Amino acid sequence: MSAAVRTGWRIGAAAALRGRAGRPLSQAAGEGGGAESGGGSGSREAVERLVREHPVVVFMKGSPAQPLCGFSNAVVQILRLHGVEDYRAHDVLQDPDLRQGIKNYSNWPTIPQVYLNGEFVGGCDILLQMHQNGDLVEELKKLGIRSALLDKEKDQEKK
């Protein structure tokens, strides 16, 4: 786990101090009541399948083509800057059970949520921080994705 992901997790844990119990991801979803039990779209099992279905998964409001909130749009733009076009996006506005289920699963109260290789990274703020400090390039590299920003840097060096 990179330093940025650990930092993101600590930030999430700080948010947890405001009323959520800070638990490791492996424990976050199975506790409490609501949509995480059973086989519906918000169940722990269903959410687990979604976060593991692809190396990059985003739970957002709207779609990458038409984000319906500024934070979801920012995540899409950051991924676009890095040339990440092959990812799974799930519109939580289309499925209230999934919207609550993903919050329960990650123990993170807001949308969007980004997962890399099945691991919760955080929301818009964490992805932006990773982008700014270069950690996103490294995390994408671990997934076999070469950031388009590396190619732009090479082009700048040639000039």
Side-chain angles (χ1 to χ4, degrees), residues 1-16 18-20 22-23 25 28-29 32 34-36 40-150 152:
M1 182 184 298
S2 76
V5 173
R6 283 191 300 277
T7 299
W9 191 250
R10 281 195 300 275
I11 290 170
R18 294 189 301 264
R20 294 191 163 321
R23 297 178 295 270
L25 219 180
E36 70 272 353
S41 61
S43 72
R44 174 168 173 62
E45 295 79 17
V47 171
E48 180 84 22
R49 278 192 303 275
L50 292 176
V51 301
R52 298 202 182 283
E53 77 180 349
H54 197 269
V56 181
V57 179
V58 179
F59 294 87
M60 61 184 293
K61 294 177 182 176
S63 68
Q66 188 173 20
L68 295 178
C69 84
F71 298 113
S72 292
N73 184 49
V75 165
V76 168
Q77 295 305 319
I78 291 167
L79 292 174
R80 194 169 289 153
L81 275 172
H82 287 269
V84 181
E85 296 177 9
D86 183 21
Y87 62 95
R88 299 295 180 267
H90 300 281
D91 181 358
V92 299
L93 296 178
Q94 298 297 317
D95 187 343
D97 288 339
L98 177 60
R99 185 176 185 174
Q100 187 58 48
I102 194 62
K103 290 176 183 181
N104 293 344
Y105 181 82
S106 64
N107 196 36
W108 191 265
T110 60
I111 303 293
Q113 293 187 16
V114 178
Y115 289 78
L116 299 179
N117 221 22
E119 185 175 348
F120 178 61
V121 172
C124 174
D125 52 346
I126 303 303
L127 200 67
L128 179 59
Q129 179 183 23
M130 291 174 69
H131 164 69
Q132 290 172 335
N133 67 21
D135 285 345
L136 186 54
V137 170
E138 294 304 313
E139 290 300 318
L140 292 173
K141 185 187 232 182
K142 292 177 187 175
L143 302 176
I145 300 170
R146 179 175 169 80
S147 172
L149 292 181
L150 295 175
K152 289 180 183 179

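These numbers come from a predicted model, not from an experiment. One is the number of the first residue; the rest follow in order along the sequence.
Between M130 and E138 there is no side-chain heavy-atom pair separated by less than 4.5 Å. I126 has its side chain out of reach of V114: every pair of non-hydrogen atoms, C-beta onward, lies at least 4.5 Å apart. Under the 4.5 Å side-chain criterion, counting only non-hydrogen atoms from C-beta, L50 is in contact with L98. Residues L93 and I111 have side chains not in contact (no heavy-atom distance under 4.5 Å, counting atoms from C-beta outward).
Residues passing the salt bridge (Lys or Arg N to Asp or Glu O under 4.0 Å) test with R80, sequence neighbours excluded: none. Residues that satisfy the side chain to side chain donor-acceptor pair (under 3.5 Å) test with E85, not counting sequence neighbours, are absent from this structure. In this structure, the side chain to side chain donor-acceptor pair (under 3.5 Å) partners of D95, at least two apart in sequence or on a different chain, are S41. Listed by chain and number, the residues in a side chain to side chain donor-acceptor pair (under 3.5 Å) with S63 amount to none (sequence neighbours excluded).
Within the structure, every pair that satisfies the ring pair (Phe, Tyr, Trp, His ring centres under 6.0 Å) test and touches residues 60-89, not counting sequence neighbours, is listed here: H82-H131.
Side chain of N117 to main chain of E119: no donor-acceptor pair is present (N/O by atom type, distance under 3.5 Å, no hydrogens or angles). Proximity of a side-chain donor or acceptor of S72 to a complementary backbone N or O of L68 within less than 3.5 Å is not detected.
The two residues A74 and C124 make their nearest non-hydrogen contact at CB-SG, 3.5 Å. Of all heavy-atom pairs between K103 and Q113, the closest is CA-NE2, 3.9 Å. Here the closest non-hydrogen pair linking L81 and A148 is O-CB, 3.8 Å. A65 and P67 make their closest contact through C-CD, 3.8 Å (heavy atoms, listed as atom of the first residue, atom of the second, distance). The two residues Y115 and S106 make their nearest non-hydrogen contact at OH-CB, 3.2 Å.
Side-chain N/O atoms of Q129 and N133 include no donor and acceptor closer than 3.5 Å.
A distance of 9.5 Å separates CG in D91 from CZ in R99, rounded to the nearest 0.5 Å. Going from atom OG1 of T110 over to atom CD1 of I102 covers 11.5 Å, rounded to the nearest 0.5 Å. Taken to the nearest 0.5 Å, the CG atom of N104 stands 10.5 Å off from the CG atom of D97. Between the CD1 atom in I145 and the CG atom in L116 there is a gap of 8.0 Å [rounded to 0.5 Å].
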Using a 3.5 Å cut-off and no angle test, enumerate the donor-acceptor pairs between side-chain atoms of residues 52-59 and protein atoms at least two apart in sequence or in another chain.
| from | atom 1 | to | atom 2 | distance (Å) |
| --- | --- | --- | --- | --- |
| R52 | NE | E48 | OE2 | 2.5 |
| R52 | NH2 | E48 | OE2 | 3.2 |
| E53 | OE2 | H90 | NE2 | 2.8 |
| H54 | ND1 | V56 | N | 3.3 |
| H54 | ND1 | V56 | O | 3.3 |
| H54 | NE2 | D86 | OD1 | 3.2 |
| H54 | NE2 | D86 | OD2 | 3.3 |
| H54 | NE2 | R88 | NH1 | 3.4 |

